[in-house]
Student: 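Would you mind keeping the following structure in view while I ask a few things?
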Amino acid sequence: MILVTGGAGFIGGNFVLDWLKDPHAEGIINLDKLTYAGNLATLDSLKNDSRHVFVQGDIGDRALVAQLLKEHQPRAIVNFAAESHVDRSIHGPADFIETNIVGTFNLLECAREYWSGLPDDAKRTFRFHHVSTDEVYGSLAPTAPAFTETHSYEPNSPYSASKAASDHLVRAWFHTYGFPVVTTNCSNNYGPYHFPEKLIPLVILNAINGKPLPIYGDGQQVRDWLYVGDHCSAIRAVLAHGALGETYNIGGWNEKTNLSVVQTICQILDELRPRADGQSYAKQITFVKDRPGHDRRYAIDARKIERELGWRPAETFDTGIRKTVQWYLDNPSWVEGVVSGAYRDWVQKHYN
Ligand code: NAD
Ligand code: TYD
């Protein structure tokens, strides 16, 4: 088996579904705390699949993690669990420190203890895969070259600082203890099962519900967008063939301004579900106060993973965003499930 943490979240959930699509795949123990961002409805289709063992719990709970490792003897851990939303990290950084830094530390310590006791063969093949973000590298000037794996760490938000700290711990556990790790730093993901506090699902749902489409500042901030299925295939490639102690940047070669992303979503919705008054959804675009410390540009140089592991994204932004918009139109019951009271409180607090 493999142990996946945070597998009820956006990317972890997609990863679990994707992994178990293969009838010959190893089983998954899915450890997730089910914070506001965790959602078991994402995993509904696995209800009768005995290869999926869901455990509600915290990566920082050493007794629980040690017991799961002992019982299931996984050959790898893929660590998705994290607090992941920059805006929430600005309102309240404590959870980010607790899960992303202290939680990762505890998970590393438990995993190292388990790994130390494995027989030689199992010890050699064991992997700890840490899933991280391009945001650890900070912000790029408009024409600066994209982030490579050797770019210095310059995190600017509580979220990215906490992820940077976790990356450093993972690196140190390799260099100090020989613990077999790989780390991936990925750009902004989008796709099905994305919690609607993040830009793309928020804009799709606000649009069809007749609400404003909030763009921070001038909307000229640039992100590199990757379809979540491509992130999953990259993680599989690194887990299978990545070199120990290495980091791999994962990106979509899709740099877009926030404004152009929102305009593209509006155009697709104009076609798939036109507004009753025949006007474009772009009419709902509203410029709002900028995010404090807002990074201007992220861009990933994903040549290393292509050169060494032969991975490239399968989706372009045009194909991926169309699939994503269609998925939200086709899955109103999943959306209903996540847009609960707690979600409404967040929207009220953040967008006033
Ligand atoms: P998410 O917020 O959708 O999901 C996080 C999951 O982790 C949730 O299911 C939550 O319940 C769980 N969790 C939180 N704290 C936990 C704890 N202490 N113990 C166990 N489970 C806990 O996040 P996501 O967008 O799926 O991101 C997954 C990972 O990928 C994160 O590490 C994030 O930093 C990284 N990442 C995200 C993106 C992106 O664009 N979303 C890009 C690059 C990297
Ligand atoms: P987000 O999805 O929060 O991802 P991240 O901050 O991790 O990159 O935001 C993507 C971009 O969209 C980011 O530049 C902030 C911007 N944004 C808005 O303009 N309006 C919004 O309501 C949100 C949530 C984000």
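Whatever order the structure lists ligands and atoms in, that order sets their numbers, starting from 1.
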Student: Could you go step by step and tell me if Asp270 and Arg275 meet the salt bridge (Lys or Arg N to Asp or Glu O under 4.0 Å) rule?
Tutor: CA-CA 7 Å; Asp270 289 342; Arg275 272 177 34 149; over 6 Å; no

Student: Looking only at distances, can you tell me whether any N or O atom of Pro214, backbone or side chain, sits closer than 3.5 Å to an N or O atom of ligand 2?
Tutor: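 Right, the criterion is met.
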
Student: Which of the numbered atoms in ligand 1 are under 4.0 angstrom from any heavy atom belonging to Asn188?
Tutor: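 Those qualifying, in numeric order: 40 (O).
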
Student: With nothing but distance in play, are any N or O atoms of Thr35 less than 3.5 Å from an N or O of ligand 1?
Tutor: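 Such a contact does occur with ligand 1.
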
Student: Taking atom types as modelled and ignoring hydrogens, do the side chains of Tyr36 and Arg88 form a donor-acceptor contact shorter than 3.5 angstrom?
Tutor: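 Side-chain D/A pair, Tyr36 to Arg88: present.
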
Student: Please determine if Arg223 has a nitrogen or oxygen closer than 3.5 Å to a nitrogen or oxygen of ligand 2.
Tutor: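 Checking ligand 2 against Arg223, an N or O pair does fall under 3.5 Å apart.
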
Student: Report the nearest protein non-hydrogen atom to atom 8 (C) of ligand 1: residue, atom name, distance rounded to 0.1 Å.
Tutor: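 Of every protein heavy atom, Asp32 OD2, 3.5 Å lies nearest to atom 8 (C) of ligand 1.
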
Student: Does ligand 1 have an atom under 4.0 Å from some heavy atom of Ser132?
Tutor: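 Right, Ser132 reaches ligand 1.
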
Student: Please confirm whether Gly60 approaches ligand 1 to less than 4.0 Å, judged on its heavy atoms.
Tutor: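 So Gly60 does not count as touching ligand 1.
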
Student: Consider only side-chain N and O atoms of Asn14 and Asn189, and report whether a donor and an acceptor are under 3.5 Å apart.
Tutor: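 Checked: Asn14/Asn189 side chains show no N/O donor-acceptor pair below 3.5 Å.
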
Student: Closer than 4.0 Å to some heavy atom of Ser187 - which atoms of ligand 1 meet that?
Tutor: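 What qualifies from ligand 1 is 42 (C), 43 (C).
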
Student: Please report whether ligand 2 has a polar contact with Arg291, defined as an N or O pair separated by less than 3.5 Å (distance criterion only).
Tutor: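 Yes, at least one N or O pair falls under 3.5 Å.
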
Student: Salt bridge check: are Glu26 and Arg51 linked by an N-O gap of less than 4.0 Å?
Tutor: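 Salt bridge: no.
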
Student: Considering only heavy atoms of Leu34, which atoms of ligand 1 have at least one such atom less than 4.0 Å away?
Tutor: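 Selected atoms, number and element: 11 (O).
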
Student: Could you identify the single nearest non-hydrogen protein atom to atom 19 (N) of ligand 1 and state the distance to 0.1 Å?
Tutor: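 Of every protein heavy atom, Ile59 N, 3.0 Å lies nearest to atom 19 (N) of ligand 1.
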
Student: At a 4.0 Å threshold, what atoms of ligand 2 neighbour a non-hydrogen atom of His294?
Tutor: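 Matching atoms, with element in brackets: 13 (C), 14 (O), 15 (C).
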
Student: Polar-atom distance check: Lys163 versus ligand 1, any N or O pair below 3.5 Å?
Tutor: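 Checking ligand 1 against Lys163, an N or O pair does fall under 3.5 Å apart.
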
Student: Ignoring angles and geometry beyond distance, decide whether Val86 reaches within less than 3.5 Å of ligand 2 through its nitrogen or oxygen atoms.
Tutor: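 By distance alone, the answer is no.
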
Student: Side chain or backbone, does Ala81 bring an N or O within less than 3.5 Å of an N or O on ligand 1?
Tutor: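 No, Ala81 has no N/O under 3.5 Å of an N/O on ligand 1.
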
Student: Please tell me if the side chains of Val288 and Ile215 come closer than 4.5 Å, counting only heavy atoms from C-beta onward.
Tutor: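 Side-chain contact under 4.5 Å: no.
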
Student: Note the single closest protein heavy atom to atom 2 (O) of ligand 2, along with its residue, its atom name and the distance in Å.
Tutor: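 Here the nearest protein heavy atom works out to Leu199 N, 3.0 Å.
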
Student: Charged N to carboxylate O below 4.0 Å: is that the case for Glu149 and Lys304?
Tutor: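 Salt bridge flag = no for Lys304 with Glu149.
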
Student: Considering distance alone, does some N or O of Thr99 sit under 3.5 Å from an N or O of ligand 1?
Tutor: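 Yes - when backbone and side-chain N and O of Thr99 are compared with those of ligand 1, one distance drops under 3.5 Å.
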
Student: With rounding to the nearest 0.5 angstrom, report the CD1 to CG distance, Ile28 to Leu20.
Tutor: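 Atom-to-atom, Ile28:CD1 and Leu20:CG are 4.5 Å apart.
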
Student: Judged by non-hydrogen atoms, does Tyr159 sit under 4.0 Å from ligand 2?
Tutor: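 Outside the 4.0 Å threshold, so no.
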
Student: Below 4.0 Å, non-hydrogen atoms only: which portion of Glu197 touches ligand 2? Side chain, backbone, both or neither.
Tutor: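 Backbone only.
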
Student: Less than 4.0 angstrom from a charged side-chain N to a carboxylate O is my criterion; do Lys33 and Glu83 meet it?
Tutor: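 No, Lys33 and Glu83 are not salt-bridged.
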
Student: Suppose I only count heavy atoms of Phe80 and a 4.0 Å limit; which atoms of ligand 1 are within that range?
Tutor: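 Contacts of ligand 1 toward Phe80, numbered from 1: 28 (C), 29 (C), 31 (C), 32 (O).
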
Student: Numbering the atoms of ligand 1 from 1, which are under 4.0 Å from a heavy atom of Gly38?
Tutor: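 The atoms of ligand 1 under 4.0 Å from a heavy atom of Gly38 are 8 (C), 9 (O), 11 (O).
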
Student: Which ligand 1 atoms, with their elements, are less than 4.0 angstrom from a heavy-atom of Gly57?
Tutor: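 So the atoms of ligand 1 that pass are 19 (N), 20 (C).
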
Student: Could you tell me if any non-hydrogen atom of Tyr159 lies under 4.0 Å from any atom of ligand 1?
Tutor: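 It does, in that a heavy atom of Tyr159 comes within the 4.0 Å cut-off of ligand 1.
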
Student: Show the atoms of ligand 2 that are less than 4.0 angstrom away from any heavy atom in Leu202.
Tutor: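 Here the atoms of ligand 2 in question are 22 (O).
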
Student: May I ask you to decide whether Lys123 forms a salt bridge with Asp120, counting only side-chain N to carboxylate O separations under 4.0 Å?
Tutor: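 Result for this pair is no, no salt bridge flagged.
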
Student: Counting non-hydrogen protein atoms only, what is the nearest one to atom 19 (O) of ligand 2? Give residue, atom name and distance.
Tutor: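 The closest heavy atom on the protein side is Tyr216 N, 2.9 Å.
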
Student: Could you identify the single nearest non-hydrogen protein atom to atom 16 (C) of ligand 1 and state the distance to 0.1 Å?
Tutor: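 That would be Lys33 CB, 3.7 Å.
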
Student: Give me the residue, atom name and distance of the protein heavy atom closest to atom 25 (O) of ligand 1.
Tutor: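 Answer, as residue, atom name and distance: Phe10 CD2, 3.7 Å.
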
Student: Do Asp295 and Arg223 meet the salt-bridge criterion of a basic N to acidic O distance under 4.0 Å?
Tutor: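 Salt bridge flag = no for Asp295 with Arg223.
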
Student: Please could you name the atoms of ligand 1 that Cys186 approaches to less than 4.0 Å, counting only its heavy atoms?
Tutor: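 Numbered from 1, ligand 1 contributes 42 (C), 43 (C).
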
Student: Considering only the protein, which heavy-atom contact is closest to atom 40 (O) of ligand 1, and what is its distance?
Tutor: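 Result for atom 40 (O) of ligand 1: Asn189 N, 2.8 Å.
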
Student: Please compare Ser84, Gly6, Ala82 and report which has the shortest non-hydrogen distance to atom 14 (C) of ligand 1.
Tutor: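 The option holding the nearest heavy atom is Ala82.
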
Student: One residue to check: Asn188. Relative to ligand 2, which of side chain, backbone, both or neither has a non-hydrogen atom less than 4.0 Å away?
Tutor: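 Under 4.0 Å from ligand 2, Asn188 contributes side-chain atoms alone.
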
Student: Can you name the atoms of ligand 2, numbered from 1 with element, that are less than 4.0 Å from a heavy atom of His85?
Tutor: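 Counting atoms of ligand 2 from 1, those under 4.0 Å from His85 are 3 (O).
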
Student: Checking a contact table here: which protein heavy atom is nearest atom 4 (O) of ligand 1, and how many Å away?
Tutor: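 Of the protein heavy atoms, Gly9 CA, 3.4 Å lies nearest.
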
Student: Which protein heavy atom lies closest to atom 27 (O) of ligand 1, and at what distance to 0.1 Å?
Tutor: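 That would be Ile11 CD1, 3.8 Å.
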
Student: State the atoms of ligand 1, each with its element, that fall below the 4.0 Å cut-off from a heavy-atom position in Val131.
Tutor: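 With Val131 as reference, the close atoms of ligand 1 come out as 30 (O), 32 (O).
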
Student: What protein heavy atom is closest to atom 22 (O) of ligand 2, reported as residue, atom name and distance in Å?
Tutor: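 Closest protein heavy atom to atom 22 (O) of ligand 2: Tyr351 OH, 2.6 Å.
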
Student: Whether the Tyr281 and Asn206 side chains hold a donor-acceptor pair (N or O, under 3.5 Å, no angle test) is what I'd like checked.
Tutor: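 Looking only at side-chain atoms, Asn206 and Tyr281 do not form any donor-acceptor pair under 3.5 Å.
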
Student: Give me the nearest non-hydrogen protein atom to atom 16 (C) of ligand 2 as residue plus atom name, then the distance to 0.1 Å.
Tutor: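 Result: Asn258 ND2, 3.4 Å.
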
Student: Below 4.0 angstrom, N of the basic side chain to O of the carboxylate: do Arg112 and Glu109 qualify?
Tutor: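 Salt bridge: yes.
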
Student: Which atoms from ligand 2 have a heavy atom of Glu135 less than 4.0 Å away?
Tutor: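 In order of number, 5 (P), 7 (O), 8 (O).
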
